[in-house]
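Below you'll find the structure, written out as structure tokens, and then a few comments.
We're numbering straight along the sequence, starting at 1. Start at 1 and go down the list; that is how both ligands and their atoms are numbered.
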Amino acid sequence: MTIPRSPLPASGSLVTARRTHSFTESVIRGMTRLAMEHDAINLAQGFPNFPAPDLLKEAAVRAIRDDINQYAVTWGAPSLRHALVRKYEEWYGLTVDPNTEVTVCCGATEAMASTLMAIVDPGDEVIVFEPYYENYGPDAVLCGAKPMFVPMTMDQPLDLDRVAAAFSERTRAIIINTPNNPTGHVFSREELEGIAELCRVHDTYAVTDEIYEHILYAGEHIPMATLPDMRERTITISGASKTFSVTGWRIGTIVAPAAATDAIRKVHDFLTVGAPAPLQEGVAVALDELGPDYYSDLARSYEKRRDVLHAGLIEAGFRCTPPAGAYYILADFSDLSSRSDVEFAEWMVREIGVASVPGSSFYSRAEDGRTTVRFAFCKTGEMLGDAVQRLREVRSKR
Ligand code: GLN
């Protein structure tokens, strides 16, 4: 793959990946491959190594047995769209029309790409907070837009003046990922209100990636669409991958106003036709039948995993703070090694047997991530325990 030709100077992690790696795929996916090659514990790409709920699996198996094996409606099986609408009402008091405002995609990744392609024109600008999930930069570049990066410090509230300064008359959208990958930051109401005000003033879409909405240890998950006057300019992306531990099923969802949905559905249809039909049935059943206990147990079990990894990293000599949400820890290793993030991550895979993601893949300028690596803790206690034991050797082997 070569970097897509763009009329704009390419920026973002597509370039970072090329600059620092020989990977063909993204750095996150590349580190998974490297982990497999070296038989390392993979704390790089964020996917669980524990089973999905039985009820969900049984429902998908049942759908296959019932021969729900052909294309679903391109924008999503009615059962899933209706189940999702019930959930948005129950969780957040949001009223959504299943016929005109919901699109089911092949994962939140396709949801983000289809959304940006639908609403952004070449030459437009898209605001992205950094550090950011690797795909957003390339997503913007792929639709000929220019990502405008706004730095977010890990443990301080958002600097709204900086956000305001990033808006221009070319700004078409701002991407907000809460709970955040890779920082774990959960956007507060005040921060979201500040961003919302800027979206209203500049007539801009808020595109939110809420895939970690149920993986939360502190505070509250506030969908941007619930803020005053934001429903009509917010595109809410989420999905089943993280909530139901099925990252390989590729079921993502978009809730958006009807006009935006109409455009998004067109892009989605031409890109992928539709998400896997029987798996949509499985997710619909899970949404309908798993109750509040499922979601609170999910968050509680992730909190335990977070604490195991956080304590292990501190003990091993990394600097990091426990995240408020999502399942990653971005850790500074400069007390342990003067290697670059890429060298350090590659060295750890080979010598320590633990895979992480080099920090530079979350920044537009590689140097900003030079002393950090990201670890995912969506793993069993046993695997995290093994990883922590291995990480203790960093100090002696470095
Ligand atoms: N969101 C996960 C991560 O950041 C997985 C990304 C992916 O590979 N689709 O690791």
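Taking the charged nitrogens against the carboxylate oxygens, Arg200 and Glu197 do have a contact shorter than 4.0 Å, which makes a salt bridge. Salt bridge status for Asp297 with Arg300: present, with a side-chain N to carboxylate O gap under 4.0 Å.
Heavy-atom contacts of Ile28 reach the following atoms of ligand 1: 3 (C), 4 (O), 10 (O) (cutoff under 4.0 Å). In summary, the atoms of ligand 1 found under 4.0 Å from a heavy atom of Lys242, numbered by their order in the structure, are 1 (N), 2 (C), 5 (C). Per-residue contacts place Tyr133 under 4.0 angstrom from the following atoms of ligand 1 (heavy atoms of the residue considered): 1 (N), 4 (O), 6 (C), 7 (C), 9 (N). Listed by number with element, the atoms of ligand 1 under 4.0 Å from a non-hydrogen atom of Asn181 are 1 (N), 3 (C), 4 (O).
Using a non-hydrogen distance threshold of 4.0 Å, Tyr328 registers as a contact of ligand 1. Heavy-atom distances between Phe362 and ligand 1 stay at or above 4.0 Å for every pair. Ligand 1 lies out of reach of Glu134, whose nearest heavy atom is not under 4.0 Å from it.
Side chain of Arg319 to main chain of Asp335: no donor-acceptor pair is present (N/O by atom type, distance under 3.5 Å, no hydrogens or angles).
For the ring pair (Phe, Tyr, Trp, His ring centres under 6.0 Å) test with His214, the passing option among Tyr327, Trp91, Tyr294 is Trp91; the others fail.
The nearest protein atom to atom 7 (C) of ligand 1, hydrogens excluded, is given as Arg29 NH1, 3.1 Å; this is a heavy-atom distance. Given atom 8 (O) of ligand 1, the protein heavy atom at minimum distance is Gln45 NE2, 2.7 Å.
Taking the six-membered ring for Trp and the full ring otherwise, Phe244 and Trp249 have centroids separated by 6.0 Å or more.
The cationic group of Arg306 lies under 6.0 Å from the six-membered ring centre of Tyr217 and within 45° of the ring axis, placing it in a cation-pi geometry.
With a heavy-atom cut-off of 4.0 Å, Arg374 touches ligand 1 through its side chain alone.
Taking any N or O of Arg250, backbone or side chain, none lies under 3.5 Å from an N or O belonging to ligand 1.
Between Ser188 and Glu190, the side chains place no donor N or O within less than 3.5 Å of an acceptor N or O (distance only, hydrogens not considered).
Counted within 6.0 Å of CZ on Arg162, heavy atoms from surrounding residues, nucleotides or ligands total 12 or fewer; the atom is thus considered open.
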